[in-house]
Amino acid sequence: MLREIKINAPLYEALVQHYHKNPRSFHVPGHRFGGGLQPPWNDYYRDILKLDVTELADTDNLHQAEGVIQEAQQLAADCFKADETYFLVGGSTSGNVAMILAVCNPGDMIIVQRNVHKSVLNGIILAGARAVFLTPQEDEKSGLSTVPSLQDVEDALERHPEVKAVFMSTPNYYGMAVDVASYAELAHRYECALLVDEAHGAHFGFHPAFPASALHAGADAVVQSTHKTLTAMTMGAMLHVKGDRLRKDALRQALAMVQSSSPSYPLMASIDIARAMVDTYGEQLFDGGLNAAEHFKNVMDQKAPAFRYLGEQAADSSLPWRLDPLRAVVWDGTGTLSGYELLKELERQGCWAEMADSKRVVLLFGISASYEDVEALAAVFAEIGKQHGLDTKNQINETRLSVFDQYRYDRISAPVILSRVIPDERSIETVPLYLAANRQSAELVIPYPPGIPVLYQGELITDGIIAVLTNLAEHGAVCQGIADSSLTSLRVYKKG
Ligand SMILES: Cc1ncc(COP(=O)(O)O)c(C=O)c1O
């Protein structure tokens, strides 16, 4: 059956053909198609090295693609409906940095939601851009954050007409995806580019059960981790561009700055294969994973009733998002086990989740989870429920601490310069939190929960921010990585 399918993965095929020519290698890499590996290291790893070559006439060059890599990237652009697609060998991390470097010169302004991956902040630092941070909206039921409101983005654009780009991140780690169409329309009205970190949504748009992709919704540039939800090797990702709001020469230069001049061929071939699988199998590719995910919830309802999971939002919700059906966000409805404890219990019984927060675990089914996998997983949850006597305990009524809405908290920050300079300790002092208003923070403050940065290094501390931090501290939130985790004091830059 498989042999009849014409799989068109030009980069992968070129590497296989090159290997079969029995080439004599007088170039890097030094392992020479794996032949240089000595026992006992010549087992698992050896086959991959057969494809691990360098830039040759047969294998093209990622940074100046004119042959098989160009062909593979063009097929990816066609598949993802982009004008151009760039293969990334440094994950979405490298794509986020490159997108920002391509749009922002030093001093340029960018609007960005607070809850972004650190690569976005690093991109802003390296570009020397000024960031206007927007507080994301919180889903009423779960308390999880998605993206800033359209109104806040518009207000920020009105306040700062010189803004070059709006940066959004969707879906979030929990699989909650927001349609960015109205944000794209808004950004374009203000002559800005919309850049989207869609690291967790490489599969979006390829099945009716999935949310639409950000590129389809009108974003100008979108980064996706092909390794997260499709089948590429770890670090394999793509950057898709549509329209001409991003300069291609600037983007190519930025990508060459942040990526290796010797990108891994097995890695690039795995991106090519991931795309070829989508092209070859279409919607069907996802049916198995989707059925398994659905089955998981049914089995959980029967066997492990103490656990709850994130479901689609109520139809009348004021904050529309769609859930990625290929992941499950599960928590102990009795409030006995934290997310971290649950994660450890799962690991102890052989099930390894994607991540945990103080309350929940996030589980990924991917395209290949089977009924057997999810039944085994549900059985482990049932066992955990039994061991901790959860089934006989009452479910708790969840009260959520809404931290941002209770105060005159400015949801739109003043422009912040995220400095790359390692600060001189002599320029910093510690002040009690209640005396920190109108000072510049010398610390990044991310209280858990809710895990959203309330204050960036370099940001001006307002009365609203102090009120939010005080409230969080009173409710037991803890900040890791700052000098005073209890939040009674803050490190700020000295005046003058
Ligand atoms: C929202 C988001 N963006 C970007 C990244 C970085 O992706 P990568 O691991 O592909 O570099 C992550 C990593 O988890 C992420 O969660």
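Note that the numbering runs from 1 along the sequence shown for the chain. Atoms within a ligand are numbered from 1 in the order they appear, just like the ligands themselves.
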Quiz item: Do the ring centers of H203 and F206 come within less than 6.0 Å of each other?
Solution: no
Quiz item: What protein heavy atom sits nearest atom 2 (C) of ligand 1, and how far away is it?
Solution: D197 OD2, 3.5 Å
Exercise. Drop me the distance from M168's CE to N115's CG, to the nearest 0.5 angstrom.
Key: 10.0 Å
Self-check item: Polar proximity ligand 1 side, S169 side, N/O cut 3.5 Å exclusive
Solution: no
Self-check item: Shortest protein contact, atom 12 (C) of ligand 1 (heavy atom only)
Solution: H117 CD2, 3.3 Å
Quiz item: Looking just at side-chain N and O atoms, do D139 and S142 make a donor-acceptor pair shorter than 3.5 Å?
Solution: yes
Quiz prompt | Nearest-neighbour protein heavy atom for atom 13 (C) of ligand 1, which is reported as residue plus atom name and distance | solution = K228 NZ, 3.1 Å
Quiz prompt | Numbered atoms of ligand 1 (with element) below 4.0 Å of A199, judged on heavy atoms | solution = 2 (C), 3 (N), 4 (C)
Quiz prompt | atom 8 (P) of ligand 1: the protein heavy-atom neighbour that sits closest, reported with distance to 0.1 Å | solution = S92 N, 3.5 Å
Quiz prompt | Ion pair check, R252 and D249, cut-off under 4.0 Å | solution = no
Self-check item: H31 and D52: side chain donor to acceptor below 3.5 Å
Solution: yes
Quiz item: In the protein, which heavy atom is nearest to atom 11 (O) of ligand 1, and how far is it?
Solution: T93 OG1, 2.5 Å
Quiz item: Atoms of ligand 1 less than 4.0 Å from S225 heavy atoms?
Solution: 7 (O), 8 (P), 10 (O)
Practice problem: Looking only at distances, please establish whether an N/O atom of ligand 1 is found under 3.5 Å from an N/O atom of H200. | Solution: yes
Self-check item: ring-ring contact (aromatic ring centres under 6.0 Å, His included) partners of residues 238-259, not counting sequence neighbours, each pair once
Solution: F80-H240
Exercise. Determine whether the aromatic ring centres of F286 and F210 lie less than 6.0 Å apart.
Key: yes
Practice problem: Mind checking whether H227 contacts ligand 1 via backbone (N, CA, C, O), side chain (CB onward), both or neither, at a 4.0 Å heavy-atom cut-off? | Solution: side chain
